[in-house]
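Written out below as structure tokens is the structure these notes cover.
Below, all heavy atoms of this structure are taken into account, side chains as well, without hydrogens, waters or symmetry copies. Throughout, numbering of the chain's residues begins at 1 and tracks the sequence.
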Amino acid sequence: MSGIGSADFSKTGYSYTLSLIAGKYKPIILYCLMEYEPVRFNEMQRYLGKVADKTLSANLKELERDGLICRKMYPEIPPKVEYTLTNRGRSLMQVLDQLCTWGQENRMD
């Protein structure tokens with residue numbers, strides 16, 4: 001077994017998973033979609049609270065790029081856009097559920 005000197009955290013599965021869900025809003029977006037999908041942009045914005053359009057849009061684009069969510073645009077005026085989890089995104093929900101369970105069991109109010 002080799003020591004930490006030859007270890008590279010960036011090559012671990014943990015690092016990869018964190019790279020997909022890191023940030024203030026991504027886990028909350030995923031949780032929201034797990035609970036309420038499909039969700040429209042304005043609904044998501046209300047759910048998150050004080051988040052700028054640009055910030056939410058950037059986070060949604062990154063989650064879509066990483067294959068965790070799907071963006072569906074309907075040809076209507078005004079435009080209607082809905083977000084849902086992909087199968088890949090759904091596969092991550094067990095991990096987020098475990099975080100939620102741990103938080104409920106270890107909350108220090």
Roughly how far, to the nearest 0.5 Å, is the CD1 atom of Ile28 from the CG atom of Leu33?
12.0 Å

Side chain Thr17, main chain Gly13, donor-acceptor under 3.5 Å:
yes

Provide the closest heavy-atom pair for Pro79 versus Met73 in the form atom of the first, atom of the second, distance.
CB-CE, 4.0 Å

In terms of hydrophobic clustering (I, L, V, M, F, W, Y; side-chain heavy atoms under 4.5 Å; direct or indirect links), are Tyr36 and Ile69 co-clustered?
yes

Does the pair Phe41 and Tyr83 meet the rule for a ring-ring contact (aromatic ring centres under 6.0 Å, His included), with working shown?
CA-CA 8 Å; Phe41 186 90; Tyr83 295 91; 7.0 Å; no

Quick one: CD on Glu37 to SG on Cys70, what's the gap to the nearest 0.5 Å?
9.5 Å

Could you please spell out the steps behind the side chain to side chain contact (heavy atoms under 4.5 Å, CB included) verdict for Leu20 and Leu68?
CA-CA 9 Å; Leu20 296 178; Leu68 298 177; 4.1 Å; yes

Closer than 3.5 angstrom, by distance alone: can the side chain of Glu62 be matched with the main-chain N or O of Asn59 as a donor-acceptor pair?
no

Go through the steps for Glu82 and Tyr74 under the test side-chain hydrogen bond (donor to acceptor under 3.5 Å, both in side chains), then give the verdict.
CA-CA 8 Å; Glu82 291 181 337; Tyr74 295 89; 2.9 Å; yes

With side chain to side chain contact (heavy atoms under 4.5 Å, CB included) as the test, would you mind laying out the steps for Met93 and Leu30 before giving the verdict?
CA-CA 8 Å; Met93 291 308 101; Leu30 293 168; 3.9 Å; yes

Report the distance from atom OG1 of Thr86 to atom CG of Leu92, rounding to the nearest 0.5 Å.
9.5 Å

Between Cys32 and Met44 the two heavy atoms that sit nearest each other are SG-SD, 3.9 Å

Donor-acceptor pair, distance only, cut-off 3.5 Å: does the side chain of Ser15 make one with the backbone of Thr12?
no

Set out, in order, the CA-CA distance, both residues' side-chain angles and the distance that settles side chain to side chain contact (heavy atoms under 4.5 Å, CB included) for Tyr31 and Tyr47, then state yes or no.
CA-CA 11 Å; Tyr31 181 82; Tyr47 185 80; 3.3 Å; yes

From Ile21 atom CD1 to Leu63 atom CG, the distance as rounded to the nearest 0.5 Å
10.0 Å

Side chain to side chain contact (heavy atoms under 4.5 Å, CB included) between Val51 and Tyr25: does it pass, once the steps are laid out?
CA-CA 9 Å; Val51 58; Tyr25 296 108; 3.7 Å; yes

Is it the case that more than 12 heavy atoms not belonging to Gln94 sit under 6.0 Å from its CD atom?
no

My understanding is that only residues two or more places apart in sequence, or in another chain, count here; which of them pass side chain to side chain donor-acceptor pair (under 3.5 Å) with Arg65?
none

Hey, what do you get for CD (Glu43) to CG (Leu48), rounding to the nearest 0.5 Å?
12.0 Å

Short question: side chain of Ser57, backbone of Lys54 - any donor-acceptor pair under 3.5 Å?
no

Does atom OH of Tyr14 have more than 12 heavy-atom neighbours, drawn from other residues, nucleotides or ligands, at distances under 6.0 Å?
no

Has the side chain of Thr101 got a donor or acceptor atom that lies under 3.5 Å from a matching backbone atom of Asp97?
yes

Nearest 0.5 Å, please: how far is CZ in Phe9 from OH in Tyr16?
14.0 Å

Could you tell me whether a side-chain N or O of Thr84 sits under 3.5 Å from a main-chain N or O of Pro38, the two making a donor and an acceptor?
no

Within a radius of less than 6.0 Å around NZ of Lys80, do more than 12 heavy atoms belonging to other residues, nucleotides or ligands occur?
yes

So, the side chain of Asp8 versus the backbone of Ser10: is there a donor-acceptor pair under 3.5 Å, distance only?
yes

If the threshold is 4.0 Å, N to carboxylate O, is there a salt bridge linking Glu105 and Arg107?
no

